[in-house]
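Input: a single structure, listed below in structure tokens.
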Amino acid sequence: MRAWQELLQGWLSARADGDWYARQCQDLAHATAGDRPLNLLFKALGIAPRKLGKQDLALSDAEQRQARALQPGFDAGRWSVDQAARVGLILAAAGNLPDGAAFAALLDELANQGDIQEQIALYQGFALYPQDPALLARAGEAVRSGIRPVFAAFALRDPWPQAMLPQAGWNQMVVKTFFLDLPLWPIQGLAARADQDLGEILCDLAAERAAAGRGLNLEIWRLLALCPGERGHALLRRQYADTRPGTHEMYALQLAARESPHADVRALAPVGLPGIEFSDEWERLAQWRE
């Protein structure tokens, strides 16, 4: 975690009062039991926005490359300066902890006592935290959260869920995005983690929404095209046959077919389309607000 602290210090020094941030990190790193380190941390977390501001972090391309050298998939595109500082303060406080269980206990304290903005920063920080099974219980709380920005802070643009969530937890997280009306394209690892159980759940969801006369995020077709399973593929074929050419939904179906690893689904895609970057296309297609 020291390498992340050094990066964060550099980013914040270039954008805000880096001296104040460095002093807080030092105090937290050297705090003894008599200093009541948890109280020090809560105080620093609480005043960080006032001391440093809430402007976008807006990392340069070079800074993004440095971060991705430490953690492939790191994406701070939605981070603000105060959120980055709060994550760094948590890492500083964790520096003297003996193991992952102690770090998990610290996160539990922060999540249980912090306000919504502090919880958002805590869950964004999973991108920087160790990929330690001791943190799975706290990750599970993020997946179960019904608070949209808290859930999004963990689920979107974060390599930790892909690497660490068990399959049932992963499927629950993906399906939850539909209920919270969030986009799926920022979830990392969709293709790698798609499985038949997820496809079955999504088929049930599509049937429920259709029976209620409610629409679905068009990204469901991407997931059904990625998942194995004849039931989902048959639903895709029926939807393809029933959808008017030239519509957004038809483009979503064609895009899903092109990305699919399954030959029967790929056969739906038009021949001769130019090469595309799938994540960019889904971002452009998706209609959402975070």
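For reference, positions follow the sequence shown, starting with 1.
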Closest non-hydrogen atom pair between C203 and L235, with its separation: SG-CD2, 4.3 Å

Distance-only check: which donor-acceptor pairs under 3.5 Å involve side-chain atoms of residues 87-105, not counting sequence neighbours?
{"unit_1": "N96", "atom_1": "ND2", "unit_2": "A29", "atom_2": "O", "d": "2.2"}
{"unit_1": "D99", "atom_1": "OD1", "unit_2": "A101", "atom_2": "N", "d": "3.2"}
{"unit_1": "D99", "atom_1": "OD1", "unit_2": "A102", "atom_2": "N", "d": "2.9"}

Would you call the rings of F154 and F126 parallel, tilted or perpendicular if under 30° counts as parallel and over 60° as perpendicular? perpendicular

Heavy-atom distance under 4.5 Å between the side chains of D158 and Y123, does that happen here? no

Checking N217 against E219: is there a side-chain donor and acceptor pair closer than 3.5 Å? yes

Roughly how far apart are L268 CG and H262 NE2, rounded to 0.5 Å? 12.5 Å

Please identify each residue that fulfils side-chain hydrogen bond (donor to acceptor under 3.5 Å, both in side chains) with W170, with sequence neighbours left out. none

Going by the rule side-chain hydrogen bond (donor to acceptor under 3.5 Å, both in side chains), which residues pair with E141 if we only count those two or more places apart in sequence or in a different chain? R144

Does D204 pair with R231 as a salt bridge, N-O distance under 4.0 Å? yes

Contact check, side chains of P183 and T177, non-hydrogen atoms, under 4.5 Å: no

Please tell me whether Q71 and W160 have a donor and an acceptor in their side chains that are separated by less than 3.5 angstrom. no

Determine yes or no for a side-chain-to-main-chain donor-acceptor pair under 3.5 angstrom, with S260 supplying the side chain and A225 the backbone. yes

E249 and Q239: side-chain donor and acceptor closer than 3.5 Å? yes

Nearest heavy-atom approach of Q83 to I120 is NE2-CG2, 3.8 Å

Can you tell if the side chain of Q167 reaches within under 4.5 Å of the side chain of D195, non-hydrogen atoms only? yes

Minimum heavy-atom distance A194-P228, with the two atoms named: O-CD, 4.1 Å

